[in-house]
2 protein chains.
Amino acid sequence: MDTTSISSEASRWEASTLASELSFLLARSNALSLAAGNAALRAFGLKVRSYPVLALVCDDLRPTQRELADVLRLDPSQVVSLVDELEGRGLIERQVDDRDRRAKVLVPTAAGRALYLDARDAVLAAEEGPLRDLDAAERTLLADLLRRVAFAPGE
Amino acid sequence: MDTTSISSEASRWEASTLASELSFLLARSNALSLAAGNAALRAFGLKVRSYPVLALVCDDLRPTQRELADVLRLDPSQVVSLVDELEGRGLIERQVDDRDRRAKVLVPTAAGRALYLDARDAVLAAEEGPLRDLDAAERTLLADLLRRVAFAPGE
DNA sequence: TATTGTTATACTCTATAACTATA
DNA sequence: TATAGTTATAGAGTATAACAATA
């Protein structure tokens, strides 16, 4: 049996020194996830940049723009334009925080909630592509490990 | 004991609906890894965009530019400018492929190899930051799971 | 005809600094 | 003084189309 015809061309890179580095594996996995996510969100007029803003607002966390910038690792000025866009579409609203009148708390509209629920289904379905080789237990394990990387104290 | 003072502010997002989505965890983990990687590579005049090119070339895989575009998920025109930069610094060289004179095979110079070995050490050290909460077994497990996402057949 | 590398171009994203209003 | 949001701007990254050389 000719094993060389079985091994796909991808294995050439999969076995490379680079592919042993977590940073490369994270980058490539994220690139695949990004492409799938953007494709799924296009139908809702959202992108992987705007969707997380809508998601956190619709999760009733009442985040301020500053908090969004921190958790999404965006510059505060970028949050401004993303919030402008979503507010312009009537999906979320800015509310001046009573306890600190500098801050603006973000809350969802009914239309925002409705769109979010549909968009979220699409995002979860789109993840199926990159994750297709992992069973349910492996996906949970991957999520738990990644959560500890993403929210490592001090980062 | 006041447990609210122990739970860091990050847990507010860590427990959000968004933080259960693999795509978000990948994006945030990658963002942290990217920042750490760029900081470590700055001393070598490299970035997280150029380092993988040098790495695959120095791993003696003799990749063509087209192959680099595929594995690094870059447009072929982006590979041109990255290769221009590394070749201009005398770190790699273009060689016309004898079997297909359209293709250019990339090979390292002695200077390229030397820089790569140092840069690689710095990259591995920089990964320590985001991964600090995972022990050796967990890092291996994470890498194995991510490799199956990054190189899922059909992607 | 199709593919590799290249050039050119426009668009998106990111980083920085300065400004305002509040604290 | 310091911080939240805002504006403006420049730089880096990305996507697209067209072209020459080769298959």
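First the proteins, then the strands, lettered A, B, ... as listed; each starts at 1.
- One can place CG of A:Asp98 at 14 Å from P of C:dT22, the figure rounded to the nearest angstrom.
- Rounded to an integer number of Å, the gap from CZ of B:Arg73 to C1' of D:dA15 is 13 Å.
- Here D:dA15 is the nucleotide among C:dG5, D:dG5, D:dA15 with the atom lying nearest to any side-chain atom of B:Gln78.
- Between the CG atom of B:Asp100 and the P atom of C:dA2 there is a distance of 17 Å, given to the nearest Å.
- The side chain of B:Arg49 sits closest to D:dT14 out of D:dG5, D:dT14, C:dT7.
- Using modelled atom types, one side-chain atom of A:Thr109 and one backbone atom of A:Gly90 make a donor-acceptor pair closer than 3.5 Å.
- In this entry the distance linking CZ of A:Arg101 with C1' of C:dT20 reads 14 Å, nearest Å.
- Results of the salt bridge (charged side-chain N to carboxylate O under 4.0 Å, His left out) test with A:Asp97 over A:Arg94, A:Arg101, A:Arg99 single out A:Arg99 as the only residue that passes.
- In this structure, B:Arg99 reaches neither bases nor backbone, as no heavy-atom distance under 4.0 Å exists between it and the strands shown.
- Between the CG atom of B:Asp75 and the C1' atom of D:dT14 there is a distance of 8 Å, rounded to whole Å.
- Computed from coordinates, the A:Leu82 CG to D:dG5 P distance equals 14 Å when rounded to whole Å.
- Between B:Arg139 and B:Glu127, every side-chain heavy-atom pair lies at or beyond the 4.5 Å cut-off.
- Rounded to whole Å, the distance from CG on A:Leu72 to C1' on C:dT14 is 15 Å.
- Considering only side-chain atoms of B:Arg66, the nucleotide from C:dT22, D:dT6, C:dT4 that sits closest is C:dT4.
- When each of B:Asp60, B:Asp59, B:Asp118 is tested with B:Arg113 by the rule salt bridge (charged side-chain N to carboxylate O under 4.0 Å, His left out), just one qualifies, namely B:Asp60.
- A straight line from CG of B:Asn30 to P of C:dT14 spans 11 Å, rounded to a whole angstrom.
- For B:Ser77, the side-chain atoms get nearest to D:dT16 when compared with the rest of D:dT16, C:dT14, D:dT6.
- Nearest-nucleotide assignment on DNA chain C puts the 5′-proximal partner with B:Lys104, out of B:Lys104 and A:Lys47.
- Of the listed nucleotides (D:dG5, D:dA23, C:dA23), C:dA23 has the atom at the smallest distance from the side chain of A:Arg102.
- Judged by distance alone, with hydrogens and angles left aside, the side-chain atoms of A:Glu138 form a donor-acceptor pair with the main-chain N or O of A:Asp135 at under 3.5 Å.
- If A:Asp97 and A:Leu74 are placed on DNA chain C by their nearest nucleotide, the residue sitting closer to the 5' end is A:Leu74.
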